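Below is one structure, written out as structure tokens; the observations come after it.
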Amino acid sequence: MTAIASSGEAGPVRLIPTAPVAVIEIDNPPVNATSQAVRAGLLTAIHEVDCNPQIEAVVIACAGRTFVAGADIREFGQLPREPHLPDVIDAIEACSKPVVAAIHGTALGGGCEIALACHARVAEPGASLGLPEVKLGLVPGAGGTQRLPRLVGLEAALDLVTSGRIVKAAEALRLGLVDRLSSGDLRQDAMDFARELTGQPLRRTGERVVTALDPQEASAKVAEIRRKARGAEAPAKAAELVLSSASLPLADGMARERETFLELRSSEQSAALRHAFFAEREVTRLPGLDSVEPRSVQKIGIVGAGTMGSGIAIAFADAGFDVKIVETSEQALAAGQARIADVYDKQVASGRLTAAAKDERLRAIEYAVGTSSLSDRDLVIEAVFEDLEVKRALFRDLDAFLPPGTILATNTSYLDISLIAAATSRPADVVGLHFFSPANVMKLLEVVRTETTADDVVATGLSLAKRLRKIPVVCRVCDGFVGNRILSRYRQQAEYLLEEGALPHEVDAALEAFGFPMGPFAVSDLAGLDIAWARRKRLAPTRDPRERYVDIADRLCEAGRFGRKTGAGWYRYEGGKREVDPFVTALVEEASKRRGLTRRQISAEEIQSRIRAAIVNEACKILDERIVERPLDVDVVMMHGYGYPAWRAVPCSKRTVWDCSRSSRR
Ligand code: 3H9
């Protein structure tokens, strides 16, 4: 087998001209993105296939861990350079000989679009495919909105393109997105398929016809997609393009798609989402920790089987760890066990988990009364009552019998971890692992280091996060760490707005329109008002009397309104539906009177900019105090812990800081 280079010997694409079926191999680590060199190489290789009479068919395959994972996102800030991907992809589809895609890893964005233009697709069973461009504030820009519906129909294409959902090979096969799954040797299977296709009419996706949706149904779908996007503009634009595939010839549909892609590529929303994409990856690399080996951790001990402890146990069991959870009594243990079983039962009922997988996860979790059975654990994490002395006593107890090197982690949300570490003889082995509720769902993990935490313990926190498929942010100790500290300022500002004239539903509506999934008062009702109330009562004696303190939440709690679980909080819930409650309106108006404030109409814009300014202000203080190393750490916390809309310029981006300082001068 001879290999000739298509774009210079060192190029990322080479044609392996085996006869009668050749292979075009893309080798552009880490993810075979379609950089300019890849596009140029592909175009040359396809021309060579067309011209070489000995080649009857060709397979496009990739070296390394994945098929093409998309266009090179790093090039998006620059002027587009020829050859453009749509032209390369058109050339693939127009090839006079069968072209088969051999897909392993992920075929995403431009990679999926290459596969769509091939005349057939074979995928490894573990492969996945999708058009995630909307997650970058874009629409597919190389035919995805036009060819996908031609292959899988409008309904499925609308779902995939507007959500950016990635499908596994089995679903792709069911949808018609791939033709075959490989039985073992992917390249050989693809070559065999290509050979079968020689001499037959070419299966060009772009020549297929799309059945249109009923116009009313189509516009209802676009309206629903726009509503769900809560201000992000790409999904609805993608939907319109997909729908146009039923009426426009391929070339016209592609031209419209390209125009929209280029317009969105230079939008602020896409710039913000690209910042988020790279921030999520950069956040896992902490300066100074690159060469530090994490400790080996497989056996996890969890103290406390309440809501947090149970969620943490599920997160570890889901990631294949060996978990042991302990409680102080059989009764508390049984309650925890029931809570865990209930989460898995719901997952099975909704089809997200098979019964066999549930049994396997349940088997991974052991239950015991008392801490002494934790002596074989590599890491023990406490999720007990939020009280410093309770936690210090527990760590003193654990320190007495756990072998040297066992990591002691605390899931505290606010307490000073240095004081907890000081209760042990191994402060270097103590770290905060702050999960967010529900711990098995939320992506964010704050890894909190004290002045004495060893580097390899911090590195272990980062590596655990990766195994748990969470996004870690390393920070130092302060009240509430990054997320809860910012949240308390955000809540405080929301309460000031109540005293000055807004009502809870107006604040919530303004922030939901800004892009948060829920406003702060609706979130409080969901989480329950009682825990924060208990904390406020604990802190009351040390609160600065000069601080502006809004007591509406205290009065709600005094009235027994702890949120959804009691049927009332900031709202009332009849039949589970959130409703504005005149009782709360009266309480808010009384609070304004007590403060001596004349209530005024506050616009949604003012609500949004004041809340945003409160967030940015606290973020700047956090950076100033070196609680985190970089602005992107704060951005990641806000996006993944608090639903800050990533398509907005995130809190620490230059754009947001500038906007906030401008609006505060108005
Ligand atoms: C598109 O295709 C537009 C087209 O429709 C039209 C064009 C005209 N570009 O995530 P990882 C880097 S839009 C550049 O840690 P994993 C990433 O930054 C694109 N770089 O690995 C990281 O670098 P570093 C549509 C990229 O195994 C390294 O690769 N495609 C790109 O956890 C490893 O990444 C997407 O949106 C890229 N496209 O996950 C897919 N992708 O080591 C985006 C990755 O320096 N990518 N890098 O930090 C992903 O979803 C994941 O990276 C993937 C691998 C699932 C592929």
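Since we're looking at a predicted model, the values are computed, not measured. Just follow the structure's listing: the first ligand is 1, and inside any ligand the first atom is 1.
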So is there a nitrogen or oxygen of Arg258 less than 3.5 Å from a nitrogen or oxygen in ligand 1?
-> no

Within-cut-off N or O pair, Gly141 and ligand 1, under 3.5 Å | yes

Would you say the side-chain atoms of Tyr344 and Asn440 include a donor-acceptor pair closer than 3.5 Å?
-> no

Which atoms of ligand 1 have any heavy atom of Gly109 under 4.0 Å away?
-> 2 (O), 25 (C)

Could you tell me whether the side chains of Ser35 and Asp72 share a donor-acceptor contact shorter than 3.5 Å?
-> no

Sub-4.5 Å side-chain heavy-atom contact between Glu113 and Glu133 | yes

For residues His640 and Glu280, is any side-chain donor paired with an opposing acceptor at under 3.5 Å?
-> yes

Interfacing atoms of ligand 1 (cut-off 4.0 Å, heavy-atom, Gly110) | 1 (C), 2 (O), 4 (C), 5 (O)

Among all protein heavy atoms, pick the one closest to atom 42 (O) of ligand 1 and tell me residue, atom and distance.
-> Arg285 NH1, 3.6 Å

Is ligand 1 less than 4.0 angstrom away from at least one heavy atom of Thr66?
-> no

Arg648 NZ/CZ over Tyr644 ring centroid, <6.0 Å and within 45° of normal | no

Flag yes if more than 12 heavy atoms outside Glu224 fall under 6.0 Å of its CD atom; otherwise flag no.
-> yes

Which bit of Glu113 is near ligand 1, meaning a heavy atom under 4.0 Å away: side chain, backbone, both or neither?
-> side chain

Which residue and non-hydrogen atom of the protein lie closest to atom 45 (O) of ligand 1, and at what distance in Å?
-> Arg74 NH2, 3.6 Å

State whether Phe76 and Arg274 meet the cation-pi test: NZ (Lys) or CZ (Arg) under 6.0 Å from the six-membered ring centroid, and within 45° of the perpendicular axis.
-> no

Short list, please: which atoms of ligand 1 are under 4.0 Å from a heavy atom of Glu133?
-> 1 (C), 2 (O), 3 (C), 4 (C), 5 (O), 13 (S)

Which of these, Arg281, Arg65, Arg274, has its nearest heavy atom closest to atom 33 (C) of ligand 1?
-> Arg65

Note: ligand 1 atoms sitting under 4.0 Å from heavy atoms of Phe278 are 18 (O)

Looking at atom 53 (C) of ligand 1, is any protein heavy atom nearer than 4.0 Å to it?
-> no

His84 near ligand 1, heavy-atom distance under 4.0 Å?
-> no

for atom 12 (C) of ligand 1, nearest protein heavy atom and its distance come out as Pro30 CG, 4.2 Å

Within the side chain of Arg121, is there an N or O that forms a donor-acceptor pair under 3.5 Å with the backbone of Leu177?
-> yes

Which ligand 1 atoms does Leu136 reach within 4.0 Å, using its non-hydrogen atoms?
-> 13 (S), 19 (C), 36 (O)

Would His434 and Phe436 count as a close aromatic pair, with their ring centres under 6.0 Å?
-> yes

Residues that Ile312 engages under side chain to side chain contact (heavy atoms under 4.5 Å, CB included), provided they are two or more places apart | Ile302, Phe316, Ile381, Ala383, Asn411, Phe435, Ala439

Could an N or O of ligand 1 be found under 3.5 Å from any N or O of Thr106, whether backbone or side chain?
-> no

Is atom CD of Gln78 surrounded by more than 12 heavy atoms (other residues, nucleotides or ligands) closer than 6.0 Å?
-> yes

Cut-off 3.5 Å, no hydrogens considered: what does the side-chain donor-acceptor table look like for residues 250-261, sequence neighbours left out?
| from | atom 1 | to | atom 2 | distance (Å) |
| --- | --- | --- | --- | --- |
| Glu257 | OE1 | Ala142 | N | 3.3 |
| Glu257 | OE1 | Gly143 | N | 2.5 |
| Glu257 | OE2 | Gly143 | N | 3.4 |
| Glu257 | OE2 | Gly144 | N | 3.3 |
| Glu257 | OE2 | Thr145 | N | 2.9 |
| Glu257 | OE2 | Thr145 | OG1 | 2.6 |
| Thr260 | OG1 | Arg256 | O | 2.9 |

Just need the protein heavy atom nearest to atom 38 (N) of ligand 1, so name the residue and atom and give the distance.
-> Ala71 O, 2.8 Å

Return yes if a side-chain donor-acceptor contact under 3.5 Å exists between Thr106 and Ser128, otherwise no.
-> no

Do any N/O atoms on Pro140 end up under 3.5 angstrom from N/O atoms on ligand 1?
-> no

Closest to atom 44 (C) of ligand 1 among protein heavy atoms sits Val31 CG2, 3.5 Å

Among all protein heavy atoms, pick the one closest to atom 50 (O) of ligand 1 and tell me residue, atom and distance.
-> Leu108 CD1, 3.9 Å

for atom 9 (N) of ligand 1, nearest protein heavy atom and its distance come out as Ile73 N, 2.9 Å

For atom 40 (C) of ligand 1, the protein heavy atom that lies nearest, with its residue and separation = Ala69 O, 3.2 Å

